[in-house]
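Worth saying up front: this structure is predicted, and the values here are computed from it rather than measured. Residues: numbered from 1 along the sequence shown.
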Amino acid sequence: MALVVTLQAPFSIPNKSFAKFPKPFRFHRFRPVTNSMADSSKPVTGENYPVPLSPPLPAISKNLELARAMAACSKSSLFSLSACDVVYEDEWLIAVNKPQGVYCESVLASVPCFLGDSAMAGEQSGEIKISLPELHLANRLDRDTSGVMVITKSHKVASKLVKAFTDHKVSKSYIAFCVGSAPKWKKIIVKSGHGRSKFGVWRVYAAADVGRSLPGGSVVRDMETSFEVLSVNGQNTKEELPESRKDEEEEEEEEETIVAQSKSLIDIDARKDEILIRARPRSGRTHQIRLHSQYLGIPIVGDVKYEGVTEWNGKIYDSHELHAESLYFVHPVTGIPLKLQAPLPSWATQALQPQQQEVNSAASLKPMP
């Protein structure tokens with residue numbers, strides 16, 4: 001039997017001014033290539049690197065990302081873990097609901113204080129005093145991604161759980177708020193390559209390029225994500241079915257598969273819709289969901305790096321709307337299946353509000369018995 005843990009308490013972080021500034025950039029001089037350099041014993045030849053399928057970063061992203069990083073530094077320095085942030089805890093690990101705009105390292109740094117306060121409370125109540133454990137991040141989330149993050153309390157447990165993530169034995173689900181043309185599919189699997197371009201930016205590559213060398217010595221690695229559309233403009237994409245038919249319907253519904261081989265054709269003049277999706281990464285690549293959402297033509301709202309809108313319906317977004325909804329894995333010590341789930345953030349519930357309002361309205365129109 002799987003243990004399901006759900007956190008329902010909301011949280012908020014005070015927003016104060018930022019007093020520290022990043023270190024200045026260093027500029028290096030490069031010597032021009034002279035004839036003596038060109039006359040090397042090794043011939044100078046151009047490398048045949050694969051061409052990325054996704055576009056380069058927008059010019060506006062540099063300044064916006066710098067401003068967001070500075071704001072996150074301020075917010076992270078003020079972060080203090082509280083009981084309402086904790087999704088699950090036992091003697092071997094603790095799972096927390098990381099807020100948006102807070103660095104993982106800041107969450108990790110706040111855990112000893114939280115555990116120390118808990119230990120002090122236990123000592124005052126007559127329980128045995130315990131020493132603070134050795135803490136390790138089992139998984140990481142991007143700065144602006146909220147949701148479930150697991151921290152282990154010993155080296156041994158950390159190695160087991162990290163290996164489970166590396167071996168893809170941990171099931172992960174994310175919720176994302178996107179703006180783009182409503183997709184014709186309800187479920188889809190995207191397979192592609194993943195790697196850094198010559199400018200050091202993460203990009204989507206063709207699936208056929210997996211294994212090929214990239215600038216800097218890295219190689220294109222495989223990347224696979226499954227997507228499910230939850231709602232379009234607040235309308236649920238799934239028709240209500242009797243409970244007896246739901247399982248049968250889910251089994252019969254097949255996922256389409258896209259194998260990326262060329263640049264995606266996106267109509268920039270097409271109608272823009274609000275789309276709520278659930279994504280399940282089947283590989284653990286950096287910015288995987290964000291890159292594949294961009295490739296599908298439904299970039300995540302606020303994701304300035306990957307063509308997401310920063311202003312929509314009169315609202316300015318200072319971060320991307322991506323939430324780590326749940327983690328499912330076998331407990332590294334007890335062997336019991338464990339599902340950790342965080343509540344939906346406000347932007348996700350707001351995306352579903354029109355749908356809920358229609359349900360409530362329809363219920364109010366039913367005749368009284």
Side-chain angles (χ1 to χ4, degrees), residues 6-15 61 64-65 67-69 71-72 75-76 79 84-85 87 96-104 107 141-149 172-183 225 227-238 271-281 287-294 296-327 340-360:
T6 303
L7 176 66
Q8 296 297 342
F11 59 85
S12 62
I13 301 298
N15 187 15
S61 65
L64 283 179
E65 279 295 310
R68 290 179 179 183
K75 189 174 181 178
S76 297
F79 178 74
C84 64
D85 299 320
V87 175
V96 302
N97 187 7
K98 186 187 87 67
Q100 189 179 54
V102 173
Y103 289 103
C104 290
V107 177
L141 297 176
D142 293 336
R143 176 194 66 211
D144 293 336
T145 302
S146 60
V148 183
M149 192 178 79
K172 299 172 282 186
S173 71
Y174 290 75
I175 300 293
F177 180 42
C178 307
V179 167
S181 297
T225 314
F227 289 91
E228 177 186 5
V229 177
L230 301 179
S231 71
V232 177
N233 298 324
Q235 302 297 317
N236 194 339
T237 57
K238 290 186 175 181
R271 170 183 167 175
K272 298 295 187 292
D273 300 290
E274 296 181 356
I275 307 154
L276 195 68
I277 62 171
R278 173 175 285 120
R280 300 181 185 276
H287 299 175
Q288 174 169 335
I289 297 172
R290 298 164 63 185
L291 283 164
H292 272 169
S293 295
Q294 178 193 31
L296 289 173
I298 49 172
I300 298 173
V301 171
D303 194 356
V304 65
K305 276 190 174 182
Y306 304 116
E307 300 185 303
V309 296
T310 56
E311 184 176 357
W312 180 253
N313 285 344
K315 180 180 178 180
I316 297 177
Y317 290 85
D318 296 325
S319 56
H320 61 246
E321 308 293 58
L322 179 62
H323 178 69
E325 178 190 28
S326 68
L327 291 174
L340 307 175
Q341 186 167 345
L344 291 178
S346 59
W347 53 261
T349 55
Q350 289 171 5
L352 293 171
Q353 277 181 355
Q355 171 190 326
Q356 187 61 42
Q357 290 173 357
E358 288 189 5
V359 172
N360 295 338

Asks: Could you give the distance from NE2 (His287) to CD1 (Ile300), rounded to the nearest 0.5 Å?
Replies: 10.5 Å
Asks: Is any side-chain heavy atom of Phe177 closer than 4.5 Å to one of Gln350?
Replies: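 No, their side chains stay 4.5 Å or more apart.
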Asks: With the side chain counted from C-beta on, respond yes when Leu230 and Ile175 share a heavy-atom pair under 4.5 Å apart, and no when they do not.
Replies: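 With C-beta onward as the side chain, the pair touches.
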Asks: Looking at Ser181 and Arg271, would you say the former's side chain and the latter's main chain have a donor-acceptor pair under 3.5 Å?
Replies: yes
Asks: Do Phe79 and Asp85 have side chains that get closer than 4.5 Å, going by heavy atoms?
Replies: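 SC-SC contact between Phe79 and Asp85 confirmed.
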Asks: Give the intermediate values and the outcome of side chain to side chain contact (heavy atoms under 4.5 Å, CB included) for residues Asp144 and Leu322.
Replies: CA-CA 8 Å; Asp144 293 336; Leu322 179 62; over 6 Å; no
Asks: So, Lys305 side chain and Leu291 main chain: donor-acceptor pair closer than 3.5 Å or not?
Replies: no
Asks: What pair of heavy atoms forms the shortest contact from Gln341 to Val87, and how long is it?
Replies: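 Of all heavy-atom pairs spanning Gln341 and Val87, the closest is O-CG1, 3.8 Å.
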Asks: Checking Asn97 side chain against Ala342 main chain: does a donor-acceptor pair fall under 3.5 Å?
Replies: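 No; judged by distance alone, with no hydrogens or angles, the pair does not exist.
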Asks: Would you say Lys98's side chain and Arg143's backbone share a donor-acceptor pair under 3.5 angstrom?
Replies: yes
Asks: Might you point out which heavy atoms bring Ala182 and Val232 nearest each other, and give the distance in Å?
Replies: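 Smallest heavy-atom distance, with atoms named: CB-CG1, 3.8 Å.
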Asks: In Å, rounded to the nearest 0.5 Å, how long is the span from CH2 of Trp312 to CD of Glu321?
Replies: 13.5 Å
Asks: Say you draw a straight line from CD1 of Ile298 to CG of Asp273; how long is it, rounded to the nearest 0.5 Å?
Replies: 10.5 Å
Asks: Quick one, Leu296 and Pro183 - any side-chain contact, counting heavy atoms below 4.5 Å?
Replies: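 The answer is no; the side chains never approach within 4.5 Å.
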Asks: Return yes if a side-chain donor-acceptor contact under 3.5 Å exists between Gln294 and Asp303, otherwise no.
Replies: no
Asks: Any donor-acceptor pair under 3.5 Å linking the side chain of Ser76 with the backbone of Tyr103?
Replies: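 Yes.
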Asks: Take Cys104 and Leu141, measure what side chain to side chain contact (heavy atoms under 4.5 Å, CB included) needs, and give me the verdict at the end.
Replies: CA-CA 7 Å; Cys104 290; Leu141 297 176; 4.3 Å; yes
Asks: Please step through side chain to side chain contact (heavy atoms under 4.5 Å, CB included) for the pair His323 and Gln100, ending with a clear verdict.
Replies: CA-CA 8 Å; His323 178 69; Gln100 189 179 54; over 6 Å; no
Asks: When you measure from the side chain of Asn233 to the backbone of Glu274, do you find a donor-acceptor pair of N or O atoms at a distance under 3.5 Å?
Replies: yes
Asks: Does Arg290 offer a backbone N or O that forms a donor-acceptor pair with the side chain of Ser293 under 3.5 Å?
Replies: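 No, Ser293 side chain to Arg290 backbone: no donor-acceptor pair under 3.5 Å.
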Asks: About how many Å separate CD of Glu325 and OG of Ser173, when rounded to the nearest 0.5 Å?
Replies: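 Answer rounded to 0.5 Å: 3.5 Å.
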Asks: Side-chain contact test, heavy atoms from C-beta onward, threshold under 4.5 Å: evaluate it for Pro281 versus Ile289 and give yes or no.
Replies: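 Pro281 reaches Ile289 side chain to side chain.
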Asks: Would Tyr306 and His320 count as a side chain to side chain contact (heavy atoms under 4.5 Å, CB included) if you check the C-alpha gap in whole Å, the side-chain angles of each, and the deciding distance to 0.1 Å?
Replies: CA-CA 10 Å; Tyr306 304 116; His320 61 246; over 6 Å; no
Asks: Residues two or more places apart in sequence or in another chain: which of them pass ring pair (Phe, Tyr, Trp, His ring centres under 6.0 Å) with Phe227?
Replies: none
